[in-house]
Amino acid sequence: MKHITCIDDLRALHQRRVPKAFFDYCDRGSYAEETLRANREDMQAIKFRQRILVDVSKRDTSTTILGEPATMPLMLAPVGLLGMQHGDGEIHACRAAQAAGIPFTQSTMSICSIEDIAANVEKPFWFQLYVMKDRGFIKALIERAIAAKCSALVLTVDLQVIGQRHQDIKNGMTVPPEWSLSKLIDFATKPAWVSGVLQGKRRTFGNLAGHLKVSDDITSLSTWINSQFDTSLNWNDIDWIRSIWPGKLVLKGILDVEDAELAAKTGAQAIVVSNHGGRQLDGAPSSIEVLPEIVDTVGDKMEIMFDGGIRSGQDVMRALALGAKSCMIGRAYAYGLGAGGQAGVAKAIDIIQKELLTTMGLCGVNRIDEIDDHIIAM
């Protein structure tokens, strides 16, 4: 990690160390990837005002997220299959986040189970929920998150219909992998990855294992998952979730101001402005494009979090300047995990924090609460 200077370096190392199917699963988007590209292009189009001769000797990235102290306005977003980027990937990522003093969010579709992570980390973590047709299973999953003392429930609301990811189909992306000669050759050239995954606790979806009749039959499990995303999910279902979940609730996947207004009426503590990393509705606007209007409309009613295209501390600064209170990273830390396990995730977090500190200094601000749109060059 000594010569890693930026998230792109971690991405390059991740690509070399992890089989193509799993790297592409992390790296690519849906359909023509227009929204995936827009997340980055629109972010980079935002320019800063450089300020000089301002005392920036007391810069501090600390803040609060959902009322809890954090060393910086950053969370690790839910990312599926982390345990296939690196053995026990969810545990390693959670440990890195907690060591850095920021939240980690476990995905429903993780390799390690809720209980696996809870038994191997020191503090509570967040849990992300996909609502499926089997509401009995979902109720049990929420109750498991309560038992594990998860400190927030992140309800993903933009996956009722799954956007097609062309590269996953081309790669025969399954868990466990669909075998072919090209895959065997690819895996054979990555012995460290193979060893790590084989030593991991699990190689299938940990939150489903042992809790469904089909959980030990991979083919049946895949069929069950594909049939379970619920197209009937609607705003009334949030009341049902809140009747079970007693803690803080975050709605992830808000991209429209009218939906933000409806979200503010649910009693949720926060929303995440997100287009699912360009992995769902291709042709949707970038997250950063819609952020200001959503902040203006509901920013005084609930906490606004941001997700989509964050690859640097400069990007965090851009989102904060446009009104977000904190940011999620997904690909940025997944690259680190694939590149170097827990140390790689820690490196990704450290890179972003140091870039944020530098950008704050060059824009003439010392505290997170001083960051607003006056730092943007108009």
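Any value given below was found using the heavy atoms of this structure, including those in side chains, with hydrogens, waters and symmetry copies removed.
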Item to complete: Any chance you could lay out the side chain to side chain contact (heavy atoms under 4.5 Å, CB included) test for Leu36 and Arg279, step after step, and finish with the verdict?
Response: CA-CA 7 Å; Leu36 174 69; Arg279 293 165 62 80; over 6 Å; no
May I ask you to check whether [X] and [Y] show a side-chain donor-acceptor distance below 3.5 Å?
| X | Y | value |
| --- | --- | --- |
| Glu68 | Thr64 | no |
| Asn275 | Asp158 | no |
| Gln160 | Thr231 | no |
| Asp27 | Tyr335 | yes |

Side chains of [X] and [Y]: does their closest heavy-atom pair fall under 4.5 Å?
| X | Y | result |
| --- | --- | --- |
| Gln106 | Cys150 | no |
| Met328 | Lys252 | yes |
| Ile65 | Met75 | yes |
| Phe104 | Gln98 | no |
| Leu251 | Val154 | no |
| Ile310 | Arg331 | no |
| Leu159 | Phe229 | yes |
| Ile352 | Ser312 | no |

Give, for atom [atom1] of [X] and atom [atom2] of [Y], the distance between the pair rounded to the nearest 0.5 Å.
| X | Y | atom1 | atom2 | answer |
| --- | --- | --- | --- | --- |
| Ile288 | Ile46 | CD1 | CD1 | 4.5 Å |
| Leu66 | Lys248 | CG | NZ | 5.5 Å |
| Asp315 | Leu320 | CG | CG | 11.0 Å |
| Ile244 | Leu129 | CD1 | CG | 9.0 Å |
| Met43 | Leu322 | CE | CG | 8.5 Å |
| Lys47 | Gln314 | NZ | CD | 11.0 Å |

Item to complete: Could you please spell out the steps behind the side chain to side chain contact (heavy atoms under 4.5 Å, CB included) verdict for Glu90 and Ser110?
Response: CA-CA 7 Å; Glu90 291 86 5; Ser110 59; 3.3 Å; yes
Looking only at non-hydrogen atoms, find the nearest pair between [X] and [Y] and report the distance.
| X | Y | result |
| --- | --- | --- |
| Ala100 | Ile349 | CB-CG2, 3.8 Å |
| Met305 | Ala270 | CE-CB, 3.8 Å |
| Val290 | Pro285 | CG1-CG, 3.6 Å |
| Ala118 | Ala148 | CB-CB, 4.0 Å |
| Ala209 | Arg202 | CB-NH1, 3.9 Å |

Cluster check [X], [Y]: I/L/V/M/F/W/Y, side chain < 4.5 angstrom:
| X | Y | result |
| --- | --- | --- |
| Met72 | Leu357 | no |
| Phe205 | Tyr25 | yes |
| Ile117 | Leu141 | yes |
| Trp126 | Leu76 | no |
| Leu233 | Leu281 | no |

Are the side chain of [X] and the backbone of [Y] linked by a donor-acceptor contact shorter than 3.5 Å?
| X | Y | result |
| --- | --- | --- |
| Asp282 | Glu34 | yes |
| Asp230 | Gln228 | no |
| Arg51 | Cys363 | no |
| Gln128 | Thr105 | no |
| Thr297 | Val257 | no |
| Asp186 | Ser182 | no |
| Asn207 | Ile114 | yes |
| Trp193 | Gly338 | no |
| Arg165 | Gly29 | no |
| Asp296 | Glu293 | no |

[X] with [Y]: basic N within carboxylate O range, under 4.0 Å:
| X | Y | value |
| --- | --- | --- |
| Lys20 | Asp24 | yes |
| Arg28 | Asp168 | no |
| Asp8 | Arg311 | no |
| Lys265 | Glu261 | no |

Practice prompt. Could you please spell out the steps behind the salt bridge (charged side-chain N to carboxylate O under 4.0 Å, His left out) verdict for Arg135 and Asp237?
Written response: CA-CA 10 Å; Arg135 297 303 169 88; Asp237 292 305; 3.1 Å; yes
Item to complete: Apply side chain to side chain contact (heavy atoms under 4.5 Å, CB included) to the pair Leu155 and Val250, showing each step before the final yes or no.
Response: CA-CA 6 Å; Leu155 174 62; Val250 179; over 6 Å; no
Worksheet item: Take atom NZ in Lys149; do more than 12 heavy atoms of anything else shown fall under 6.0 Å from it?
Response: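 12 or below, so no.
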Discussion item. Just checking Lys139: does its NZ atom have more than 12 heavy atoms from other residues, nucleotides or ligands closer to it than 6.0 angstrom?
Written reply: no
Fill in: Worked verdict on Ile304 versus Leu291 for side chain to side chain contact (heavy atoms under 4.5 Å, CB included)
CA-CA 9 Å; Ile304 309 297; Leu291 176 63; 3.9 Å; yes
Worksheet entry | Of His92, Arg17, Gln342, His14, the residue whose pairing with His86 passes side chain to side chain contact (heavy atoms under 4.5 Å, CB included) |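 Passing option: His92.
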Practice prompt. Report the residue from Leu255, Thr35, Ile294, Asp307 that forms a side chain to side chain contact (heavy atoms under 4.5 Å, CB included) with Ser287.
Written response: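 The option that passes is Leu255.
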Practice prompt. Just say parallel, tilted or perpendicular for the rings of Phe187 and Phe22, cut-offs at 30° and 60°.
Written response: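 Plane angle between 30° and 60°, so tilted.
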Discussion item. Taking the six-membered ring of Phe23 as reference, does the cationic atom of Arg16 (NZ for Lys, CZ for Arg) lie under 6.0 Å from its centre and within 45° of its axis?
Written reply: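 The answer is no, since Arg16 fails at least one limit relative to Phe23.
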